[in-house]
> 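Quick one: this structure, given as structure tokens, is what I'll be asking you about.
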Protein chains: 2
Amino acid sequence: MSPQARRSARRTEALSRERIVDAAIAVLDTAGEGGLTFRALSEHLATGPGAIYWHVANKGELLGAATDAVVAAALAATPPRTAPDPSPQERIRAVALALFDAIDAHPWVGVQLSASAWQVTTTPRLLESTGRQVRAMGVPRAEWFTVTSVLVQYILGAAAQNAANAQVLGPDADRDTYLDDVARVWEALDPEDYPFTRVVGDQMRGHDDREQFLAGVDLFLAGITARWPPAS
Amino acid sequence: MSPQARRSARRTEALSRERIVDAAIAVLDTAGEGGLTFRALSEHLATGPGAIYWHVANKGELLGAATDAVVAAALAATPPRTAPDPSPQERIRAVALALFDAIDAHPWVGVQLSASAWQVTTTPRLLESTGRQVRAMGVPRAEWFTVTSVLVQYILGAAAQNAANAQVLGPDADRDTYLDDVARVWEALDPEDYPFTRVVGDQMRGHDDREQFLAGVDLFLAGITARWPPAS
DNA sequence: ACCTGAACACCGTTCAAGT
DNA sequence: ACCTGAACACCGTTCAAGT
């Protein structure tokens, strides 16, 4: 609204890739994915749209760098110790929750991660922090890659979908009435075609996204333990 | 390149929402998500960009309708019977693979599904076809919604990420050399920080995406069976 | 080396005007 | 009721020109 105010306030330091990425994250968080514009961003940085291209190749690279920064921060922030010597399962839950919360706080990260994922800098980070625990759970070496990949895919995919759903709702709307609306639609479906969905509609009403996400992680871990029981 | 050729060929029937959605799917499949433009689409349909708005509210609704059409077709196409009387597990695998293949063939569906998912027409379809099998596996009624949701989230999330990876590669590039390149990068990481990722790099080299996806489904099913053993 | 800002090609969407 | 196509506001990106 008043670009002048911002324009004079900032711009003591020179432009840098890091400052650009930080500003991009700020814009993405406040204005959403559609709000990240080179014009809006350059206004934030008190410069012209062309200046950004000196430090960043294009919008895709900028989104990738912003995503990587958020994921790195989420994985670096060690969660408060719940146990003095956490089990691999507890560590995996902690990593999963850290990612869930980060994606919940920055929904655009979810879209980005499940739409590009592999190869980028982010992937080794994720693989490493979950893979070590998979190894510690006694999964045979030959299955390390498969099991870890699948686990990471669940974590990212589920977190992304949750964030997207939360996004649709918006921060102001009432979650309970929203869920109730959806439940009503489900319960009104054709009994012939949708017997299960009709029954399950009511269960959706009060559910907690975080709990459901963790239940999925636990189901995965239970599957791993069932397939490769710990040598007791 | 030669819009005239197309323009005179079509346009015997009137425009309709269905024809627009079909054309949108064709454009998305050939030109990718970025290729779907109201101008490109209207050229395909031998009409003006404004005409589409009579049948479709906006681009978001069009993408949603296209996604729903693809998912509905994937779920409707009954996979070839592998067993005369398939178990719930086999049915779930079949549904999961049908979705995996559909998303692999139409990568834009993955992005769309994991970025909007809930509430749309598509969700009840997915919930219903997997939920019935979850019920048949003996999961207690109180857990139906959680277990089914989590399973669907894995299927959609993993399929979307796989499709995105395949997309990055492109249809012409050699998959083996690409995987080899990524493996090399992983194997060159700092041994202090990335011991696991370095070891696992080689396992990624020859892996099959479909097999890995199915391994994830099986891990889930194993977890369900472990938690709620069938009353034998 | 780094920044400026006008310019280019393109996009989603609207809407007066037609049939 | 349905379609046309020009017009609007906006976007990512480029690039000659400046410092």
Side-chain angles (χ1 to χ4, degrees), chain A residues 1-4 6-28 30-67 108 111-112 115-116, chain B residues 1-4 6-28 30-67 108 111-112 115-116:
Chain A
M1 284 294 148
S2 73
Q4 247 63 8
R6 275 203 199 108
R7 193 177 284 263
S8 51
R10 290 278 198 93
R11 205 53 197 284
T12 42
E13 316 155 70
L15 224 48
S16 73
R17 191 182 158 93
E18 200 196 343
R19 279 195 60 212
I20 293 174
V21 170
D22 286 347
I25 292 174
V27 171
L28 284 162
T30 53
E33 186 138 30
L36 181 64
T37 289
F38 274 80
R39 277 165 247 262
L41 185 59
S42 59
E43 202 168 282
H44 232 81
L45 291 162
T47 181
I52 297 170
Y53 281 89
W54 184 262
H55 303 273
V56 163
N58 52 42
K59 192 172 181 177
E61 191 190 296
L62 181 57
L63 275 167
T67 301
W108 49 273
V111 180
Q112 196 62 18
S116 71
Chain B
M1 285 292 151
S2 73
Q4 248 62 8
R6 274 203 199 110
R7 194 177 284 264
S8 49
R10 291 277 200 93
R11 202 56 197 282
T12 41
E13 315 156 71
L15 225 47
S16 72
R17 191 183 158 92
E18 199 196 345
R19 279 195 60 211
I20 293 174
V21 171
D22 286 347
I25 292 174
V27 171
L28 285 162
T30 54
E33 185 139 30
L36 181 64
T37 290
F38 274 81
R39 277 166 248 261
L41 185 59
S42 60
E43 202 168 282
H44 232 81
L45 291 163
T47 180
I52 298 169
Y53 282 88
W54 185 260
H55 304 273
V56 163
N58 51 42
K59 194 174 180 176
E61 191 189 295
L62 181 56
L63 275 167
T67 301
W108 49 273
V111 181
Q112 196 61 18
S116 71

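Quick note on labels: first sequence line is chain A, next is B, and so on, each numbered from 1. Quick note: numbers below take in every heavy atom, side chains included, and nothing from hydrogens, waters or symmetry partners. From a predicted model like this one, the values you see are computed outputs, not experimental measurements.
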> Quick one: B:Arg17 CZ to D:dC2 P, roughly how many Å, whole number?
14 Å

> Pick base, sugar-phosphate or nothing for A:Leu41, based on heavy-atom distances below 4.0 Å to the nucleic acid.
nothing

> Tell which nucleotide pairs with D:dC8, taking only Watson-Crick or G-U wobble pairs whose two distances are both under 3.5 angstrom.
C:dG12

> Whole angstrom is fine here: how far is it from CG in A:Leu36 over to P in D:dT13?
11 Å

> Among D:dG12, C:dC3, D:dC3, which nucleotide sits nearest the side chain of A:Phe38?
D:dG12

> Report yes or no: does B:Arg19 contribute a side-chain atom to a donor-acceptor pair with the main-chain N or O of B:Ala14 at less than 3.5 Å?
yes

> Nearest-Å distance, CG (B:Leu62) to C1' (C:dT13)?
14 Å

> Using every non-hydrogen atom in the two residues, find where B:Glu61 and B:Ala57 come nearest and quote the distance to one decimal.
OE1-CB, 3.0 Å

> Hunt down the Watson-Crick or G-U wobble partner of C:dC3, both distances under 3.5 Å, from any strand shown, or write none.
none

> Counting side-chain heavy atoms from CB outward, which of C:dC11, D:dG5, C:dC3 is closest to B:Pro49?
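The answer is D:dG5, which lies nearest to the side chain.
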
> To the closest 0.5 Å, what do you measure between CD1 (B:Ile25) and CG (B:Leu36)?
10.5 Å

> Is there side-chain contact between A:Leu62 and A:Asn58, with heavy atoms separated by less than 4.5 Å?
no

> Assign B:Ile52 to base, sugar-phosphate, or nothing according to its heavy-atom contacts below 4.0 angstrom with the strands shown.
nothing

> Just N and O in the side chain of B:Trp54: are any of them under 4.0 Å from OP1 or OP2 of D:dC2?
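True: B:Trp54 side-chain N/O within range (under 4.0 Å) of D:dC2 OP1/OP2.
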
> From OH of A:Tyr53 over to P of D:dT13, roughly how many Å is that when rounded to an integer?
4 Å

> Ignoring backbone atoms, establish whether A:His55 has a side-chain N or O less than 4.0 Å from OP1 or OP2 of C:dA1.
no

> Taking the side chain of B:Lys59 as heavy atoms from C-beta outward, which of D:dC3, C:dC3, C:dT13 is closest to it?
C:dT13

> Only pairs with both distances under 3.5 Å count, Watson-Crick or wobble alike; so what is the partner of C:dA17 in this structure?
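Partner of C:dA17: none found under 3.5 Å.
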
> side-chain contact (heavy atoms from CB on, under 4.5 Å) for B:Glu18 and B:His55? Distances and angles first, verdict last.
CA-CA 9 Å; B:Glu18 199 196 345; B:His55 304 273; over 6 Å; no

> Nearest-nucleotide wise, let me know which of A:Ala51 and A:Arg39 is further upstream toward the 5' end of DNA chain D.
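The answer here is A:Arg39.
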
